[in-house]
Amino acid sequence: MTPVATPIDIRPLTSLRFLAALWVVVYLMWPNLAVGGMPALAAKGYLGVELFFVLSGFILSHVYLQAFGEKRFGYKGFLWARIARVYPLHLFTLFGVMALGLAATAAGMAIDSGILSWKTLLPNLLMVHAWGFAGEAGWNHPSWSISAEWFAYLTFPLFAAAAWKLRNRPWLATGAAALLLVALYVGFERVAGYRLTEATFKWGALRIVPCFAYGCALYLVYRRAPLPRAGLLALAAAVVMALSAALMSWDGITVLAGGLLILALASIPADRAGVLGSAPAVYLGEISYAVYMLCAPWQILAVNVAARLTGAEDKQLPLVLWLAIIAGLIVAAAIVHQLIERPARTFLRGWATKRRSSVDQSGKQSETVLQHSDPIV
């Protein structure tokens, strides 16, 4: 393959990020909907995180694997690009939850003890709170997955080395990654007593490993040649995902099918991507990180306000109001994306570029950084 300075933007995968984020949002907010019980498809919404993890391995391999194999990969620049991508919004939401918690405490309102978890503040600031260092959940709980992503970023050269060695045997790599996933899922549940896909602040760093490896391996298949009849395969994979989740099947089935969905969507030509290739869908994918990270603080704020206005002491809201809160989350995410996430990312990357230019006057080619289809978690 001939390396390119700017990777091809795989638009359907960008759009898929929003669907994965929305699945998680529905899962987290369903308890605030005034209906009896939770349907299985919503109850499996935590697997949207697994979809993000597989996407992350796929896209980072898409962007960096060729440079890694040709020894053009700059580890420091890679990590800085990752920090610029995830850290500003992580800090914003962490301090946002802190502000909400302090305001509620000052107003005499009862809050969950884990929200203002001062002893876990440092691990959260260092993004290691899913490595077993935090001891308990705290602050913006969904950010555990950012900590898991940070672990994958730090160890990316190990994943890339394995992928590069197997680059000419992509299906072998995919089979090995799938076996790793199955083995870890089965083994972890037997040892820990609960599923790895339910792990957060204690074992989140391990939770990402099989999914990230699976995504890297699937990229090797895509790298060799996009799949034929990709649209039909994507539909089949999506159906298997939905059915396995709706039937409360073993989580590994849903995750493996999700990886095949990613591979199939990546193989669809840009001019045939349909809705997933449209500008609105791509934009929703671009703000999906903000949707995910704002979900918990928005839930705290919006649900409590709505419950007070409607007198719903149990915080269970009618469907119209519940949908309005989710729509409000998307609007809030778009605002935060435009005012916080993008400017901070641009500033940090620009600062690094200027610093590198001032230090390195030898005319060496600058490291390629991710421009499109940037993974979020």
Side-chain angles (χ1 to χ4, degrees), residues 10 12-13 16-17 19-21 23-24 27 40-62 145 148-149 152 159 162-163 166 169-190 192 194-199 203-268 276 375 377:
I10 308 177
L13 296 188
L16 182 63
R17 283 164 36 187
L19 297 178
W23 196 13
V24 177
Y27 164 72
L41 191 58
K44 289 288 189 177
Y46 58 86
L47 292 177
V49 177
E50 264 62 33
L51 201 58
F52 280 130
F53 288 163
V54 179
L55 264 170
S56 186
F58 188 98
I59 294 298
L60 287 181
S61 295
H62 176 57
S145 59
E149 283 280 352
F159 290 96
L166 292 172
R169 307 179 74 179
W171 286 111
L172 175 63
T174 301
L179 286 175
L180 173 66
L181 186 147
V182 171
L184 278 177
Y185 280 15
V186 173
F188 182 89
E189 187 168 1
R190 289 184 177 178
Y194 62 95
R195 291 169 294 190
L196 182 58
T197 50
E198 296 175 332
W203 289 100
L206 179 62
R207 180 172 169 178
I208 194 175
V209 169
C211 296
F212 196 87
Y214 186 42
C216 293
L218 287 169
Y219 170 70
L220 297 179
V221 178
Y222 171 78
R223 181 179 183 272
R224 173 66 65 86
L227 296 181
R229 300 182 179 179
L232 183 60
L233 290 172
L235 178 60
V239 169
V240 171
M241 274 190 71
L243 284 177
S244 62
L247 296 174
M248 297 296 286
S249 300
W250 181 57
D251 285 349
I253 297 174
T254 308
V255 177
L256 291 172
L260 295 178
L261 173 63
I262 290 168
L263 174 60
L265 288 178
S267 301
I268 298 176
L276 291 179
V377 275

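One-based numbering along the sequence shown. Quantities reported herein were computed from a predicted structural model and do not represent experimental measurements. We use all heavy atoms of the structure for the numbers below, so side chains are in, but hydrogens, waters and symmetry mates are not.
Residues Val24 and Val49 form a side-chain contact, since some pair of their non-hydrogen atoms from C-beta on lies under 4.5 Å apart. Residues Leu220 and Thr174 are not in side-chain contact: their nearest non-hydrogen atoms beyond the backbone lie 4.5 Å or more apart.
Proximity of the aromatic rings of Tyr214 and Phe53 is defined here by a centroid distance below 6.0 angstrom, and this criterion is not met.
Atom CD of Glu50 and atom OG of Ser145 lie 10.0 Å apart (nearest 0.5 Å). Here the straight-line distance linking atom CG of Leu184 with atom CZ of Arg207 works out to 13.0 Å at 0.5 Å rounding. Between the CZ atom of Arg229 and the CG atom of Leu235 there is a distance of 14.0 Å, given to the nearest 0.5 Å.
Across Leu233, Leu227, Ile262, Val221, a single residue satisfies side chain to side chain contact (heavy atoms under 4.5 Å, CB included) together with Ser267, and that is Leu227. The only option from Leu256, Val255, Ile253 that meets the side chain to side chain contact (heavy atoms under 4.5 Å, CB included) definition with Ser244 turns out to be Ile253.
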Step-by-step side-chain contact (heavy atoms from CB on, under 4.5 Å) determination, Phe58 to Phe212
CA-CA 8 Å; Phe58 188 98; Phe212 196 87; over 6 Å; no
As a quick check of understanding, evaluate side-chain contact (heavy atoms from CB on, under 4.5 Å) for Ile10 and Tyr222, giving each step before the final call.
CA-CA 12 Å; Ile10 308 177; Tyr222 171 78; 4.1 Å; yes
How far apart are the C-alpha atoms of Trp250 and Arg195, what are their side-chain angles, what is the distance that settles it, and do they pass the side-chain contact (heavy atoms from CB on, under 4.5 Å) test?
CA-CA 10 Å; Trp250 181 57; Arg195 291 169 294 190; 5.7 Å; no
Report the C-alpha distance between Leu47 and Phe52 in whole Å, list the side-chain angles of each, state the deciding distance to 0.1 Å, and finish with yes or no for side-chain contact (heavy atoms from CB on, under 4.5 Å).
CA-CA 9 Å; Leu47 292 177; Phe52 280 130; over 6 Å; no
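Taking each heavy atom of Met241 and Ala257 in turn, the nearest pair found is CG-CB, 3.6 Å.
With hydrogens and angles disregarded, a donor-acceptor distance shorter than 3.5 Å links the side chain of Trp23 to the backbone of Leu41.
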